[in-house]
Amino acid sequence: MANTANLNLMKLFGMCLHILEEKGITIEESSDFKACEERMRDIGKRSITPMISSEHNDLSKDHAVWLILRKDGADIGGVAARHDTLVSETLTDFWARSYGRLYKNKGSLRPTASNSRAHDEISGQVIYMGEFFIAKQMRGSRHLLTLYTHLLFTYCQLRWKSDWLYAFIRADDAKLGYATEYGFTRQYPGAHHWDALPKGRATGEYLVALPAKELRDMAAFFNAHPSSLLGLDSLKRAE
């Protein structure tokens, strides 16, 4: 069963990569976070959040990566991922501890209080994804965004054998359906609140997540029915 699941993930990764390459878009893997952050700034990204920045973290090359998107030899976007192990503490506790350091004197995080917060089921081998950015001139196709994110999901799962993948998106984007377009199957509005809002964060962010089992199910389905993932007719019109 495990071999079949991995094969489905590899097939989905290959399908996304192949279609992107047909459009002249290639993927570059890098663990040089400082260099990748500069490359993103060069194509218009205004800031890097502390949770996954080289300035605030000593990121192991074995547990963090950038995937840079390139077209015709030029950078057009990228996304970063970090692998964490959460066994003895919840995700909420991890945020409270790490954000207190990352946003010291810049903001005040107050995790949502509840005895059964849904996002605290996110545990084990956990992948945080952030800094997703596409250069302004390359935006416009939500189907291409789907290819980018599903390629990242499968890459992270095959590399780190994660239990969960998660990220944050703006509330307005969640309401426009972007979390579903990206491929996240779980959405948690109001995952945390800020008593003092730091620069670069927004009120009402959604925590979005994807458990490994649902990614494996997704890979099996999309390999059998690729048009359900790709929206091929719409993708052709977006070229």
Side-chain angles (χ1 to χ4, degrees), residues 9-84 102 125-162 165-170 173 178-179 181-184 200 208-210 215 219 222 229-230 235 238-239:
L9 290 167
M10 288 187 281
K11 286 180 177 179
L12 180 57
F13 178 90
M15 177 167 58
C16 294
L17 186 64
H18 176 69
I19 294 173
L20 289 171
E21 288 178 343
E22 282 189 330
K23 299 177 183 306
I25 298 172
T26 56
I27 310 297
E28 177 186 331
E29 175 193 60
S30 176
S31 292
D32 188 340
F33 267 61
K34 186 174 182 180
C36 289
E37 290 161 5
E38 288 300 320
R39 289 167 68 175
M40 291 300 99
R41 291 187 182 99
D42 288 343
I43 60 172
K45 186 167 177 54
R46 295 181 180 179
S47 63
I48 303 293
T49 53
M51 291 85 72
I52 201 166
S53 74
S54 60
E55 180 180 356
H56 295 85
N57 301 276
D58 292 320
L59 295 158
S60 165
K61 291 183 178 181
D62 295 315
H63 292 278
V65 71
W66 271 89
L67 294 185
I68 303 292
L69 301 166
R70 312 194 81 208
K71 183 175 175 64
D72 302 326
D75 295 343
I76 62 166
V79 61
R82 185 191 71 220
H83 171 216
D84 296 311
L102 295 172
Q125 305 307 312
V126 175
I127 307 300
Y128 167 67
M129 293 169 288
E131 309 309 321
F132 187 26
F133 180 78
I134 303 296
K136 188 174 182 180
Q137 70 274 16
M138 293 301 300
R139 298 173 190 173
S141 171
R142 291 176 66 160
H143 293 290
L144 286 176
L145 291 180
T146 298
L147 291 171
Y148 297 152
T149 54
H150 284 72
L151 185 143
L152 176 68
F153 292 162
T154 52
Y155 170 93
C156 289
Q157 185 63 31
L158 288 166
R159 178 171 178 176
W160 286 305
K161 306 297 187 293
S162 63
L165 302 98
Y166 81 96
F168 294 98
I169 67 172
R170 292 188 296 267
D173 287 343
Y178 276 93
E181 197 80 52
Y182 293 153
F184 292 105
V208 292
L210 176 61
L215 174 57
F222 288 144
L229 169 68
L230 303 173
L235 191 60
E239 294 177 348

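What you see is a predicted model; the values in this text were computed from it and never measured.
Looking only at atom types and distance, the side chain of S162 has no donor-acceptor partner in the side chain of Q125 under 3.5 Å away.
Take R82 and apply the salt bridge (Lys or Arg N to Asp or Glu O under 4.0 Å) test, not counting sequence neighbours, and it matches D84. Residues satisfying the ring-ring contact (aromatic ring centres under 6.0 Å, His included) test with Y155, not counting sequence neighbours, are none. Looking at residues two or more places apart in sequence or on another chain, you find no salt bridge (Lys or Arg N to Asp or Glu O under 4.0 Å) involving E22.
Taking 4.5 Å as the limit, every side-chain heavy atom of V79 sits out of range of all side-chain heavy atoms of Y148. With a 4.5 Å cut-off on side-chain heavy atoms, L229 and C16 count as touching. Between C156 and L152 the shortest side-chain heavy-atom distance falls below 4.5 Å. Annotation: side chain of Y182 is not in contact with side chain of V208 (no heavy-atom distance under 4.5 Å). Looking at heavy atoms from C-beta onward, I43 lies out of side-chain contact with I76 at the 4.5 angstrom threshold. Considering only heavy atoms from C-beta on, L69 comes within 4.5 Å of I27 through its side chain. Within the 4.5 Å cutoff, side-chain heavy atoms of L144 are placed close to those of K23. Taking the side chain as every heavy atom from C-beta outward, E131 and M40 never approach each other to under 4.5 Å.
Minimum heavy-atom separation, G44 to F133: C-CZ, 3.5 Å. Minimum heavy-atom separation, I169 to A179: CD1-CB, 3.6 Å. Heavy-atom minimum distance, H150 versus G183: CE1-CA, 3.6 Å.
Atom CG of L165 is separated from atom CE of M129 by 4.5 Å, given to the nearest 0.5 angstrom. In this structure, T26 OG1 and E21 CD are separated by 7.0 Å, a value rounded to the nearest 0.5 Å. Atom CG of L158 and atom CG of L215 lie 8.5 Å apart (nearest 0.5 Å). Here the CG-OG distance, from L147 to S141, works out to 8.0 Å after rounding to the nearest 0.5 Å.
Counting heavy-atom neighbours within 6.0 Å of K11 NZ, excluding the residue itself, gives a total of 12 or less.
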Name every donor-acceptor pair, under 3.5 Å, that has one atom in a side chain of residues 59-68 and the other anywhere in the protein, sequence neighbours excluded.
{"from": "S60", "atom 1": "OG", "to": "D62", "atom 2": "N", "distance (Å)": "3.1"}
{"from": "H63", "atom 1": "ND1", "to": "H83", "atom 2": "ND1", "distance (Å)": "2.8"}

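Between F184 and the choices Y166, F153, Y178, the ring-ring contact (aromatic ring centres under 6.0 Å, His included) rule is met once, by F153.
Sequence neighbours left out, the pairs with a member in residues 31-40 that pass salt bridge (Lys or Arg N to Asp or Glu O under 4.0 Å) are E28-R39, E38-R41, R39-D75. Annotation: salt bridge (Lys or Arg N to Asp or Glu O under 4.0 Å) contacts involving residues 140-151, sequence neighbours excluded, comprise R142-E181.
Under the 3.5 Å distance criterion, the side-chain polar atoms of K45 are left unmatched by any main-chain donor or acceptor of D42.
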